[in-house]
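This report concerns only the one structure given below.
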Amino acid sequence: MRRPVDYLLLFLKGIAMGAADVVPGVSGGTIAFISGIYQEFLNSIRSVNLQSLKLLRSHGIAAFWSAINGNFLLVLFTGILVSIFSLAKLVSYCLDAYPVLIWSFFFGLIIASIIWITRNLGRWGIAEAMAVMAGTILSAFLFYLPPLVVGSSPLAIFCAGAIAICAMILPGISGSFILVLLGMYGVLIDAISALDFTTLALFALGCVVGLLSFSRVLSWLLERYYSVTLSTLVGFLAGSLATVWPWRNPLEVFYTSSGKEIVLVQDNLFPWEYSELLGQDPHTWVAMLLMLFGVVLVLGLEHIGGKRATV
């Protein structure tokens, strides 16, 4: 039974997930992993099915709400939506103004999540090692894929939502980065800024369809192939480190109609190369401290909690 303070913490986790989901390179699923709600998140989404809908018809709203863990979903998604329409703008500003420092913090968070998941994995074998390699290769491969242009038709927007939401619930694969690859990121950012409800509704419908479908697949994999599935997710996280590397040289960018710059292709640099090539202060020591802070924050919260959260 959750207390009011527990729901406040859950709301804040939703805020963090929403802020992460709008940043190309960071996944809301990663935040769910870090905060220890990933399994409940998947199971709650999976519980929205024909059986629960029949329960709604036969026993009423209260029984249906309990069956789908409605309070959890309502508070979490409220936090996500509030973040996307408010705090996400602050995160976007910080990325523009202090990119090295913000990416360094994200880098530390992902390192910590890799450590956290690995410690909770329980077993390591050949299958787990191969799964880590496969996940890492796939995640890195996505990083180097050239962007596509799928247009902005209603069908394209719907499909983009269905595909991106699958990535958003996978730790290490950024839904926003998938939208960049599909050429849809600028379309969605402009729609949010302009409150284009038609575009947002089509995208949201695609998200609902993708979320209800893919969450069942992922939850099934975790139930039957727990260690291998988690090992694959560790690989996704490891591969995503290339995406969030703080010192980068944009090679190809495009601008949304609101003037926001979106990096399509980047070259990762060492701090001294960043200084020489771009003539900017790499803030090496501050960045390293922020990486360390991200690691300590996650692992410290786990320690303070008195026990390890279960995935």
Side-chain angles (χ1 to χ4, degrees), residues 9 13 16-17 19-21 23 25-43 102-144 166-175 177-178 214-215 217-246 268 287-311:
L9 290 174
K13 292 174 182 179
M17 288 178 65
D21 276 331
V23 178
V26 183
S27 168
T30 301
I31 303 300
F33 250 111
I34 291 171
S35 59
I37 61 171
Y38 192 71
Q39 189 67 65
E40 184 177 7
F41 176 57
L42 289 180
N43 289 339
I102 300 302
W103 286 120
S104 295
F105 178 65
F106 283 139
F107 193 90
L109 290 180
I110 293 176
I111 289 289
S113 64
I114 292 173
I115 296 172
W116 182 75
I117 297 170
T118 302
R119 285 201 318 198
N120 285 276
L121 188 56
R123 57 162 289 186
W124 279 98
I126 295 177
E128 286 76 19
M130 292 181 66
V132 170
M133 291 177 59
T136 302
I137 292 170
L138 176 59
S139 183
F141 173 73
L142 290 174
F143 173 68
Y144 290 105
C166 295
M168 286 176 181
I169 63 175
L170 277 175
I173 297 184
S174 165
F177 187 67
I178 296 300
F214 186 67
S215 63
V217 174
L218 190 54
S219 186
W220 182 84
L221 288 172
L222 283 169
E223 287 177 359
R224 287 163 177 77
Y225 308 100
Y226 181 81
S227 62
V228 172
T229 302
L230 276 189
S231 299
T232 305
L233 297 182
V234 168
F236 288 160
L237 288 169
S240 73
L241 290 174
T243 310
V244 298
W245 182 251
N268 289 342
M288 298 294 282
L289 285 173
L290 283 170
M291 287 183 190
L292 180 60
F293 176 67
V295 173
V296 171
L297 178 65
V298 174
L299 300 183
L301 288 174
E302 178 191 4
H303 177 72
I304 291 171
K307 62 179 180 178
R308 294 178 183 172
T310 55
V311 177

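All values below were derived from every heavy atom in this structure, side-chain atoms included, with hydrogens, water molecules and symmetry-related copies excluded. As the structure is a prediction and not an experimental result, all values here were calculated from the model.
- In this structure, CH2 on Trp220 lies 14.5 Å from OG on Ser215, to the nearest 0.5 angstrom.
- Closest of all the heavy-atom pairs between Gly294 and Ala112 is O-CB, 4.0 Å.
- A 4.5 Å side-chain heavy-atom check between Lys13 and Ile37 finds at least one atom pair inside the cut-off.
- Here the closest non-hydrogen pair linking Phe214 and Cys166 is CB-SG, 3.5 Å.
- Rounded to the nearest 0.5 Å, atoms OH (Tyr38) and OG (Ser219) are 9.5 Å apart.
- The salt bridge (charged side-chain N to carboxylate O under 4.0 Å, His left out) contacts involving residues 230-241 comprise nothing, where partners must be two or more places apart or lie in separate chains.
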Side-chain polar contacts of residues 232-239 - donor-acceptor pairs under 3.5 angstrom, sequence neighbours left out - could you list them?
residue: Thr232; atom: OG1; partner: Val228; partner atom: O; Å: 2.9

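- In this structure, CG on Leu290 lies 14.0 Å from CH2 on Trp103, to the nearest 0.5 angstrom.
- Under the rule for a side-chain hydrogen bond (donor to acceptor under 3.5 Å, both in side chains), the partners of Glu40 that lie at least two apart in sequence or sit in another chain are Arg2, Asn69.
- Applying the salt bridge (charged side-chain N to carboxylate O under 4.0 Å, His left out) test to every pair with at least one member in residues 229-244, sequence neighbours left out, gives no pairs at all.
- In this structure, the side chains of Thr229 and Leu218 come closer than 4.5 Å at one or more pairs of heavy atoms.
- Applying the salt bridge (charged side-chain N to carboxylate O under 4.0 Å, His left out) test to pairs two or more places apart or on separate chains, those with a residue in residues 126-142 are Arg123-Glu128.
- Note that the CG atom of Asn43 and the CD atom of Glu223 stand 6.5 Å from one another [nearest 0.5 Å].
- For Leu292, the side-chain contact (heavy atoms from CB on, under 4.5 Å) partners two or more places apart in sequence, or in a different chain, are Val296.
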